[in-house]
Engineer: 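Below is one structure. I have some questions about it.
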Amino acid sequence: MGTLLQPLRILIVDTAETETFRIVREFDLGSYDILCQRVETMAAMQEQLNQRTWDAVLSSHALPNFSAIEALQLLQANHLDLPFIVLFDRFEEAAAIAVMQAGAHDCLLKGHLKRLVPTMARELHQAEIRRQKQQTEATLLQLTMAELTERRLTETLICELMTDLNHELRTPLTSLQAAIELLQTGRLGVLSERGQHLLEIAARNADRLVQLTDRMLEPGAFASTSIRSSHLMESVRDR
Amino acid sequence: MTVKRVLVIDDEDDIREVAQASLEIMAGLEVILACSREGLIKAEMEQPDVILLDVMLPDMDGVTVFKQLRVNPATQHIPVIFLTAKVQAFDQLYLKQLGAKAVIAKPFKPQQLASQLLAILD
């Protein structure tokens with residue numbers, strides 16, 4: 001029974017067809033079921049990125065039509081986080097540093113392709129880790145947004161409930177407070193001293209209820225827990 | 001001296017009664033009482049000097065009543081004062097911008113109600 005080959009789709013940016021054969025041979029030896037496509041221009045690279053999903057990009061550093069860095073930038077412009085490995089004809093330290101700083105994942109010499117397969121395996125694994133991390137962050141963000149939306153909805157509902165309740169309380173308070181004050185004027189008959197004292201008690205408590213309804217409409221009055229609600233009640237009681 | 005007349009439009013029996021008592025005792029006004037829809041009829045028939053209009057009416061809200069008073073040539077000249085339990089600043093500003101002479105928040109003090117109506121009637 002044969003070994004299950006890992007499928008791998010590689011976009012090769014190079015002018016030399018022979019390089020493609022050499023690369024494919026290395027991956028065949030490395031137990032990959034490889035599909036690759038060679039492109040020489042930016043337009044051809046963009047067309048391939050549009051047509052198919054790729055797993056990695058191998059780019060020759062020395063290109064007549066466009067540079068490896070430009071190929072990398074095209075990949076980035078397409079918002080694709082794929083392993084991007086640059087192949088050099090010969091060792092060029094400054095150029096290698098430049099492509100790494102631009103975002104390439106590794107550089108290899110074309111004459112030493114034995115490192116190609118293990119390097120690719122490593123970068124494919126790293127790319128998968130980055131994808132999983134992004135997925136987790138996106139999920140967390142969604143959960144946070146959902147929680148925030150629910151919380152905002154709850155606060156809106158509470159606010160609407162308080163506004164309605166406030167209105168319902170003010171209506172009977174209007175009659176209560178006005179009737180008490182009219183009696184206190186004495187124009188509807190003079191009460192005994194005790195009667196006036198009881199009216200004062202009624203007036204004072206009607207005032208407390210009005211103040212409570214005023215406090216209900218303050219921003220954040222009912223934003224959180226029962227501890228805060230009991231503080232609200234206390235502050236009105238102490239006045 | 002002719003006694004000034006105020007039409008009080010409110011669906012709450014108790015509020016109509018305390019408003020009437022406040023305006024008769026504290027301001028010496030003659031008070032006509034009405035609920036929402038009959039308020040439009042009474043405004044046209046009685047031609048009060050001022051209308052005190054509740055905002056939260058059950059079958060036709062106070063703002064709609066106000067707008068109908070405004071489009072009727074027989075009542076558009078009568079100053080209207082809104083009476084409302086909606087005490088938030090933006091609600092009150094909205095009501096003023098509609099064209100009301102004043103907005104009085106519930107609960108009201110009888111003396112305050114009387115003073116405001118007398119100020120408008122002067």
Side-chain angles (χ1 to χ4, degrees), chain A residues 152 155-191 195-196 198-223 232 235-236 239, chain B residues 6 8-29 31 33 35-36 52-59 61-63 81-95 102-118:
Chain A
R152 205 164 286 148
E155 284 177 356
T156 302
L157 286 173
I158 289 173
C159 194
E160 282 176 8
L161 180 65
M162 288 303 117
T163 304
D164 287 346
L165 187 59
N166 189 280
H167 173 261
E168 292 302 312
L169 287 172
R170 282 178 180 270
T171 299
L173 274 173
T174 300
S175 306
L176 187 63
Q177 208 175 36
I180 291 168
E181 292 204 13
L182 284 168
L183 285 169
Q184 284 181 315
T185 63
R187 298 192 199 187
L188 293 159
V190 180
L191 282 173
Q196 286 175 27
L198 289 172
L199 261 187
E200 279 166 19
I201 292 172
R204 192 165 60 245
N205 283 278
D207 272 345
R208 277 176 63 188
L209 285 172
V210 172
Q211 284 168 35
L212 181 60
T213 59
D214 286 340
R215 288 292 304 275
M216 279 167 71
L217 292 176
E218 283 176 6
F222 289 88
L232 172 67
S235 67
V236 172
R239 284 190 184 184
Chain B
V6 56
V8 175
I9 305 176
D10 197 308
D11 60 305
E12 290 279 334
D13 293 342
D14 290 344
I15 291 184
R16 285 201 304 271
E17 193 162 341
V18 296
Q20 181 179 27
S22 301
L23 295 170
E24 285 176 354
I25 294 170
M26 311 299 281
L29 298 172
V31 181
L33 301 176
C35 302
S36 53
L52 187 62
L53 174 61
D54 182 32
V55 172
M56 300 287 283
L57 296 168
D59 50 349
D61 72 87
V63 171
I81 298 171
F82 276 118
L83 194 58
T84 180
K86 290 186 174 225
V87 297
Q88 304 247 30
F90 55 84
D91 286 320
Q92 301 216 352
L93 185 62
Y94 167 68
L95 295 171
V103 179
I104 297 175
K106 291 180 186 178
F108 54 79
K109 307 261 181 192
Q111 184 58 61
Q112 172 206 11
L113 183 69
S115 300
Q116 286 206 257
L117 260 77
L118 287 173

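Sequence lines set the chain letters: A, B, ... in the order given, protein chains first and strands last, and positions in each chain run from 1.
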Engineer: Drop me the distance from K106(B)'s NZ to Q177(A)'s CD, to the nearest 0.5 angstrom.
Structural biologist: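 Answer for the NZ-CD pair, K106(B) versus Q177(A), is 13.5 Å.
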Engineer: More than 12 foreign heavy atoms under 6.0 Å from CD of E17(B): is that the case here?
Structural biologist: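 Atom CD in E17(B) is not packed in, count stays at 12 or less.
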Engineer: Of the non-hydrogen atoms in V18(B) and S175(A), which two are nearest, and what is the gap between them?
Structural biologist: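 Looking at all heavy atoms of both residues, the shortest contact is CG1-O, 3.7 Å.
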Engineer: Looking at L182(A), I180(A), L169(A), L173(A), which one has more heavy-atom pairs under 4.5 Å with chain B than the rest?
Structural biologist: L182(A)
Engineer: Please name the pair of heavy atoms, one in I25(B) and one in R187(A), separated by the smallest distance, quoted to 0.1 Å.
Structural biologist: O-NH1, 2.8 Å
Engineer: Given heavy-atom pairs under 4.5 angstrom as the criterion, report whether the side chain, backbone, both or neither of L188(A) touches chain B.
Structural biologist: side chain
Engineer: With a 4.5 angstrom heavy-atom cut-off, is it the side chain or the backbone of D164(A) that approaches chain B, or both, or neither?
Structural biologist: neither
Engineer: Closest approach of A178(A) and P110(B), non-hydrogen atoms and distance?
Structural biologist: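 What the structure gives for the nearest pair is O-CG, 3.6 Å.
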Engineer: Output the distance between atom CG (D54(B)) and atom OG1 (T171(A)), rounded to the nearest 0.5 Å.
Structural biologist: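 The distance works out to 7.0 Å.
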Engineer: OG1 of T84(B) to CZ of R170(A): how many Å apart, nearest 0.5 Å?
Structural biologist: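 Between atom OG1 of T84(B) and atom CZ of R170(A) there are 9.0 Å.
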Engineer: Give the minimum heavy-atom separation between P107(B) and V210(A), together with the two atoms involved.
Structural biologist: CG-CG2, 3.4 Å
Engineer: Applying the side-chain contact (heavy atoms from CB on, under 4.5 Å) test to E181(A), which of K109(B), Q111(B), M26(B) qualifies?
Structural biologist: K109(B)
Engineer: Is the shortest side-chain heavy-atom distance between P172(A) and D14(B) below 4.5 Å?
Structural biologist: no
